[in-house]
Amino acid sequence: MADFEKKQPVLDRRHFVGGALAASALAALAGCTKGGTTTGGSAATGGAQGGTLRYYINNPVCIEPYNLQEDQGTQVGFQLFDSLTQYNFETGELEPLACESWEANDDATEFTFHLKEAKFHDGTDVLASNWKYGWERIVNPATNPESPSVIGYHLAMIAGYDELAAGEAEEMSGLTCPDDHTLVVTLSYAYADFPYVASHPALAPIPDCAKDMSQVDFGLAPVGNGPFKMDGEWVDGQYINIVRFDDYYGEPAILDGVNFMIQKDVETAYKEFQAGNLDVSDVPVASLAAAAEEYGESEDGYTITPGHQFLNGSEPSTYYLTCNVVEGPFTDVNLRHAVSMAINRQAICDTLFHGSRTPADNIVPPGIAGYEEGAWEYSKYDVDAATEILDEYYPADADGNRGLELEITSNQDGGHKEVMDSIISDLAAVGITCTANTPDWATVLDLYQKLDYQFGRLGWVADYPIMDNFLYPLFYTGNGDNRAGYSNPTVDEGLMAARQTVDDDERIAALQEVNKQIAEDMPVIPLMFYTHTMVGGSNVATMYLDPQKKADLSKAQLVSAE
């Protein structure tokens, strides 16, 4: 079977759409932004009004803004909540979503957002105070003392963040509400990219009713401001049902609802899809080539239509190994370099993913402004160089054993087992013994957060399409997504200096220098750049999955029964 055709649009701070998006695809994308205008709510030929879409997800960590940290929960939260802004992948521009407009002062330290009139799912008005509360709720340690949010760092540039995060204040001084429909955000330093931060699905308003509920209860049945509302509670490990919110301030959803069907792994989900019990599913690694041939590749890589149902568009995302640099064998940077160069990334991409993915030479993926080819010197396959390092620091005995016994942590579903097996084999070839630890996904994240692991797999999908979003979250000291426990004062200072640089070109150049230092320290080992691997049924008239893996399901349609 033929290898997949790679679709790599150009993505930077201003533009994403490139030659890979055909003219016909642009028309389909025109209605793919929340709150956007569509013509009569029937953009797809043969599409029906109503119906329920059955959509596969793995069991999420969280589905409400407090802790939207991974793509499964974010997919649900994205339907229930709207943020202030959104990135339009058709135009390559950041646009208002829940706000009418915004403006900044000259030195990019203050942003004023003018809010649209809107309702929460409980019928109450969405006010500026609800935005303030929603953002502070993420940062405030009193929200859930036993399980603090790991995504509060997104708001770290707002004045008063440190005091609230430390429990020394009850609000952020940088968030003010001059009236019910104006939110003013004052930063503690210049940060011209802040409107991009405001597009994060977690940075949404929270209704007053949440104040009278426990964080756990609200998490099972969140009340948002988005195009869909909850239908009952999230039944852990089984399903999450959402239905159209008819009082939505934007264009109402075309579907009646979505049934997020939780399956234990991708393999099980795909079998359910093939049996006709799911409308949208991920595709297991072993079935990628067959699925592309059987269901037909999407014309733009991102839009499902009948006969073009397999999605393989490129993503601004990187598959990597995180290393515990605080305790254990990976405190040694030489081992990190050697392990990285012992891994045959091209073989993984070609053999397991049939050429649909490309080896990662950087934590920053191609298409993000600031990407430099080969910027991470040790992110390549060079078994001779790996052996040379190992011979110097971990010489082998007469049997070729180097005395290194490593444990790699990963969830097994989604093709990760095959990737880990390949890595284990590559390491054995240079004299390193490695075994697999394969708990469920939630346990994996918990082990990483506690630094109770040696090294293991993770993926990072851009929260917003800027270089800073790949460096600050993953490598700044103490951030929740810095699973390596990495801390380098020079890197921290460089990141903060870059963030405060208002000029775009100068900021990107500063981030490139920081990226080179991180590459030398190598707290993570980049492996591959992702592509979509999802498929829709022939009953799906249209559904668009953006490069960040967010589907605006309010614009999705099923095929008409007529």
Side-chain angles (χ1 to χ4, degrees), residues 318-353 357-366 371-410 418-437 453-458 474-475 483-488 490-491 512-529:
T318 307
Y319 188 116
Y320 63 94
L321 300 177
T322 180
C323 303
N324 182 346
V325 301
V326 175
E327 182 179 1
F330 284 94
T331 56
D332 182 7
V333 67
N334 300 296
L335 180 61
R336 302 198 294 269
H337 290 169
V339 166
S340 177
M341 291 191 292
I343 298 172
N344 191 339
R345 296 163 175 79
Q346 190 68 60
I348 292 173
C349 292
D350 291 345
T351 304
L352 300 181
F353 296 96
R357 295 184 181 181
T358 55
D361 59 355
N362 202 320
I363 193 64
V364 179
Y371 166 78
E372 294 180 290
E373 186 176 355
W376 282 44
E377 177 185 358
Y378 301 101
S379 187
K380 62 183 179 182
Y381 180 53
D382 188 338
V383 70
D384 291 336
T387 301
E388 184 176 345
I389 292 174
L390 292 169
D391 284 346
E392 180 177 356
Y393 294 97
Y394 302 93
D397 60 21
D399 296 324
N401 194 322
R402 300 183 182 279
L404 285 167
E405 295 186 2
L406 306 181
E407 181 181 80
I408 190 166
T409 299
S410 172
E418 292 87 343
V419 176
M420 298 306 109
D421 287 345
S422 183
I423 292 169
I424 290 170
S425 177
D426 286 341
L427 296 182
V430 293
I432 298 175
T433 300
C434 185
T435 58
N437 178 32
Y453 77 104
Q454 290 186 358
F455 74 139
R457 84 97 200 162
L458 271 176
L474 299 181
F475 305 113
R483 307 292 192 178
Y486 174 67
S487 180
N488 183 326
T490 301
V491 167
Q512 288 173 329
E513 290 305 308
V514 175
N515 192 34
K516 290 183 175 68
Q517 177 62 61
I518 297 170
E520 181 64 30
D521 292 344
M522 206 165 207
V524 305
I525 298 172
L527 292 182
M528 299 175 284
F529 297 126

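Every heavy atom of this structure was used, including side-chain atoms; hydrogens, water molecules and symmetry mates were not.
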On a heavy-atom basis, which atom in [X] and which in [Y] lie closest, and how many Å separate them?
{"X": "T318", "Y": "P365", "answer": "OG1-CD, 3.9 Å"}
{"X": "S340", "Y": "Y378", "answer": "OG-O, 2.6 Å"}
{"X": "P523", "Y": "A484", "answer": "O-CB, 3.8 Å"}
{"X": "A342", "Y": "A386", "answer": "N-CB, 3.8 Å"}
{"X": "V364", "Y": "N362", "answer": "N-OD1, 3.0 Å"}
{"X": "S410", "Y": "M420", "answer": "CB-CG, 3.7 Å"}

Any [X] side-chain heavy atom under 4.5 Å of [Y] side chain:
{"X": "I389", "Y": "M341", "value": "yes"}
{"X": "Y394", "Y": "I432", "value": "no"}
{"X": "F353", "Y": "M528", "value": "yes"}
{"X": "N437", "Y": "Y453", "value": "no"}

Please identify each residue that fulfils salt bridge (charged side-chain N to carboxylate O under 4.0 Å, His left out) with [X], with sequence neighbours left out.
{"X": "E513", "result": "K516"}
{"X": "D332", "result": "none"}
{"X": "D421", "result": "K417"}

Item to check | Worked verdict on Y319 versus V419 for side-chain contact (heavy atoms from CB on, under 4.5 Å) | outcome: CA-CA 11 Å; Y319 188 116; V419 176; 3.7 Å; yes

Checklist entry - Among V524, I525, I518, whose side-chain contact (heavy atoms from CB on, under 4.5 Å) with I363 holds? => result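 Of all the options given, the one that passes is V524.
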
Item to check | salt bridge (Lys or Arg N to Asp or Glu O under 4.0 Å) pairs, two or more places apart, involving residues 391-409 | outcome: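 Only D391-R402 qualify under salt bridge (Lys or Arg N to Asp or Glu O under 4.0 Å).
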
Checklist entry - Tell me the salt bridge (Lys or Arg N to Asp or Glu O under 4.0 Å) pairs involving residues 376-386, sequence neighbours left out? => result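 Those involving residues 376-386 do not exist here.
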
Next on the checklist: Counting neighbours of CD on Q517 that are heavy atoms of other residues, nucleotides or ligands and sit closer than 6.0 Å, is the number greater than 12?
Outcome noted: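 Counting other residues, nucleotides and ligands, CD of Q517 exceeds 12 neighbours.
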
Item to check | Non-neighbouring partners of S379 that pass side chain to side chain contact (heavy atoms under 4.5 Å, CB included), sequence neighbours left out | outcome: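 For S379 the side chain to side chain contact (heavy atoms under 4.5 Å, CB included) partners, ignoring immediate neighbours, are R345, W376, M522, P526.
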
Item to check | Gap between atom OG1 of T409 and atom CZ of F455 - 0.5 Å precision | outcome: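 Here the rounded value is 8.5 Å.
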
Checklist entry - Taking atom CZ of F475 and atom CG of D521, what is their separation to the nearest 0.5 Å? => result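 Nearest 0.5 Å value for the CZ-CG distance: 10.0 Å.
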
Checklist entry - Going through the checks in order, is the side-chain contact (heavy atoms from CB on, under 4.5 Å) test met by L427 and I408? => result CA-CA 11 Å; L427 296 182; I408 190 166; over 6 Å; no

Examine distances only and state if a side-chain atom of [X] and a backbone atom of [Y] form a donor-acceptor pair shorter than 3.5 Å.
{"X": "T351", "Y": "I348", "result": "no"}
{"X": "T331", "Y": "E327", "result": "no"}
{"X": "R336", "Y": "F330", "result": "yes"}

Item to check | Intermediate values then yes/no, side chain to side chain donor-acceptor pair (under 3.5 Å), Y371 and D361 | outcome: CA-CA 10 Å; Y371 166 78; D361 59 355; 3.0 Å; yes

Next on the checklist: Walk me through whether L390 and L335 qualify under side-chain contact (heavy atoms from CB on, under 4.5 Å).
Outcome noted: CA-CA 7 Å; L390 292 169; L335 180 61; 4.3 Å; yes

